[in-house]
Amino acid sequence: MSRNSELIIGLAMLGAGIGYLFMTMQLPRRGAVDATFFPYALGTAMVGLGLLQVIVTLRRTGFLPSTASERLQPRQILTVMATLGLVACFIAALRPLGFPVAAALFLFAQFCLLAPATQKPRLFLYVVLAVVAAVLIFVTFRYGFRLMLPGGPLTPYLP
Amino acid sequence: MLDLLLAGFGNVLSPQIFVLITLGVAVGIVFGAVPGLTAVMAIALCLPMTYTLGPAAGISLLIALFVGATSGGLISAILLKIPGTPSSIATTFDGAPMMEKGEGAKALGVGIVFSFIGTILSIGALMFIAPSLARVALSFGPHEYFAIAVFSLTLIATLSSGSMIKGIFAGVAGFAISTVGIAPVDAITRFTFGRVEINAGFSILTVLVGMFAVAEVIRVAENAHRKGAAPPAPPLLVKIKGFGFSMAEFLGQIPNAIRSAVIGISIGILPGIGAGTSNIISYIVSKKRSKTPEKFGKGTIEGVVASETANNAGIGGAMIPLLTLGIPGDAVTAILLGGLMIHGIQPGPMLFITQGPLVYTIFAALVVAAVMMLILEFVGLRIFIRLLAIPKHILLPIILVLCAVGAFGLGSRIFDVWTILAFGILGYAFAKAGMPTAPFIIGFILGPMAETNFRRGLQLSAGDFTGFLTNPISGTFLALAALSILWQVYGALRPHKIATLPNVQD
């Protein structure tokens, strides 16, 4: 990992510690050892470790520049963002669309997105797989394990 | 003891539990064999399925998954040179060269048989060591538990691979996340931002599923369209007759197997150092003790025996602190602990007294699962290989949907599904930052134990902090924790000079 990356990680650790300490200060106090005792200790430790990471990085020599394979390409970042977006849409759609529809749509979109660039996407196969997997999981859990997954608009038609 | 054990076997050999164990081992092997899928995911996914089962059936299923997944990693480690799980890393060192030499069948046979032997030896240790350790643990109070939690926390962080600072930070961060919700003793709500859904804190399941499964999907997404990425290799099929090795070869490996089992059990007992470490240490020791160390890395069964015996011996080892002290040694046992608690079982010293029959049912389930592992892996090798052929871009989204189902099953709340996404992003960030996930998980698990016992200990000693130092056991553990940190700080500062050496030479 490059020096800049290690520095950013150190600063993020420091930021997380400061943020946690700040939130701890908002908690009510009830004596020396109360519900804030451990949060203060943990926040201080996080700040200390963040500082240590920054100092060690600044003092250390012999960092190698990051190689092309280590650096994220714009398309990789887009794929990651699209995956996160798809997962978020899937979760948000669970209630309004119901599990079977939301899961089938999510699976199809995700199959297409994650298909390796070296392979030609097989859309018909993905549609079949997405529908079969979504229905199989829904039936198994709803009727096999009595887990009431949301049915959405399909609810009135479900046994 | 024998009566209880026989009663335990009577329980697990009932048709329902036997079928569950068989299915659990089969599913576990698949999870172990598919790279990217782990024992943690297998158990996390199947945990909701145990809700409707009784304690004996539910725990037997989880144990079967644990046993199957720990051993299943050897299949892809040998056939594809990819360890299915961290516990099979060292199996690739000699298993893959054996495969290339045309001895793949032999490597698989050796791996399967010695996985079984490792498991059985560790169950023996569990049965004989666990009750006596439980008696010692009975005398432990809040001071001791606090000190053990702190010691375990430092050990986990400092023994993490890579940067010690990041390892400790991950443990502290996990501890910090565990403080969300209602505080012990004075019941103040902390860091909930008014959301009643997190008054009870975050569930272990959502944290684990997010950090491992969702983060893995994001990692696959990252590499899906990377320029220059090699296309996935097709799986190899092999033919196998018998176990593929002679009786003389088997007998010649007995000392190696016993030594590896001792290493696996000993490391398995220590919190935070699981089978992922023991298989490598066992491999190194085996190589040093071998009469033919030059054959290691070129395809010798000694290497496969060392790795596979040690990783499976970790199963019984990890169960010892889990059952006797309620301390999970790694993420797998952490979720097993969650599984036990869901079924109203509180692991700890009292477990052997209050729920003796259930403890021996667990022992019997381990033995039956080990036998089923031997049979299923031998019979089903060709099927497992075909499952490995399912592309990750197909498999992982389906796994993610299953994870969402598991999270939803916790409380029929969409909020819990959002939580796995949040922890997935955190897990991905950890991976990118080179920060180990295991300390975070253990910090999250041990944090409440440390805090609650610290508060109780202070109440017992009327607010006197020195009670933790004057108590012999807690004082020793706290001193060990301090020494552990100091030693690692010293170790972390030394490589600074080594890192500069190439520049000096240039």
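Note that the structure is predicted; figures quoted are calculated from it, not measured. Per chain, numbering begins at 1; letters A, B, ... match sequence-line order.
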Legend entry - Residue, of A/Pro150, A/Gly48, A/Ala45, A/Ala102, that accumulates the most heavy atom pairs under 4.5 Å with chain B: A/Pro150
Legend entry - Mutual orientation of the aromatic rings belonging to A/Phe108 and A/Tyr126 [parallel < 30°, tilted 30-60°, perpendicular > 60°]: perpendicular
Inset, instruction - Please state whether the side chain, the backbone, both or neither of B/Ile420 comes within less than 4.5 Å of a heavy atom of chain A. - result: neither
Legend entry - chain A contact via B/Leu458 - side chain, backbone, both or neither, heavy atoms under 4.5 Å: side chain
Inset, instruction - Using non-hydrogen atoms and a 4.5 Å limit, figure out which bit of B/Leu421 sits close to chain A: side chain, backbone, both or neither. - result: side chain
Legend entry - Per-residue contact mode, B/Ala433 against chain A (heavy atom under 4.5 angstrom): both
Inset, instruction - Heavy-atom distances under 4.5 Å only: say whether A/Ile91 touches chain B with side chain, backbone, both or neither. - result: both
Legend entry - A/Phe99 and A/Phe138 aromatic ring geometry - parallel, tilted or perpendicular at 30°/60° bounds: parallel
Inset, instruction - Would you check, one step at a time, whether the test side-chain contact (heavy atoms from CB on, under 4.5 Å) holds for B/Tyr428 with B/Glu222? - result: CA-CA 10 Å; B/Tyr428 176 68; B/Glu222 182 191 301; 2.4 Å; yes
Legend entry - For chain B, the option from A/Arg75, A/Met81, A/Gln26, A/Gln110 that forms the most heavy-atom pairs under 4.5 Å: A/Arg75
Legend entry - Region of B/Phe193 that comes under 4.5 Å of a non-hydrogen atom in chain A: side chain
Legend entry - Top of A/Leu107, A/Leu94, A/Ile77, A/Leu129 for chain B proximity - count of heavy-atom pairs under 4.5 angstrom: A/Leu107
Legend entry - Contacting region of A/Leu52 [heavy-atom separation from chain B under 4.5 Å]: both
Legend entry - Exam field: side chain B/Thr192 to backbone B/Thr189, donor-acceptor pair closer than 3.5 Å: no
Legend entry - Between B/Phe408, B/Trp418, B/Phe454, the one whose heavy-atom pairs under 4.5 Å with chain A are most numerous: B/Trp418
Legend entry - Lys/Arg N to Asp/Glu carboxylate O, A/Glu6 vs A/Arg60, below 4.0 Å: no
Inset, instruction - Establish, from distance only, whether the side-chain atoms of A/Thr36 and A/Asp34 form a donor-acceptor pair under 3.5 Å. - result: yes
Inset, instruction - Side chain from CB out, backbone as N, CA, C, O: work out which of these in B/Val185 comes under 4.5 Å of a heavy atom of chain A, or both, or neither. - result: neither
Legend entry - Side chain / backbone / both / neither for A/Phe111 at chain B, heavy atoms under 4.5 Å: both
Legend entry - Atom group of B/Ala221 that falls short of 4.5 Å from chain A, counting heavy atoms: both
Legend entry - Pairs of heavy atoms under 4.5 Å with chain A: top-ranked of B/Thr179, B/Ile414, B/Leu53: B/Ile414
Inset, instruction - Sort B/Ile188 into side chain, backbone, both or neither according to what part of it lies under 4.5 angstrom from a heavy atom of chain A. - result: side chain
Legend entry - Neighbour count above 12 (heavy atom, 6.0 Å) for B/Arg413 CZ: yes
Inset, instruction - Report yes if the distance between the aromatic ring centroids of B/Phe175 and B/Phe440 is under 6.0 Å, otherwise no. - result: no
Inset, instruction - List the steps, then state whether side-chain contact (heavy atoms from CB on, under 4.5 Å) holds for A/Gln53 with A/Leu11. - result: CA-CA 8 Å; A/Gln53 169 74 11; A/Leu11 291 172; over 6 Å; no
Inset, instruction - Could you tell me whether B/Arg455 and B/Asp186 have a side-chain N and a carboxylate O separated by less than 4.0 Å? - result: yes
Inset, instruction - Select one option (side chain, backbone, both, neither) describing which atoms of A/Leu149 are under 4.5 Å from chain B's heavy atoms. - result: both
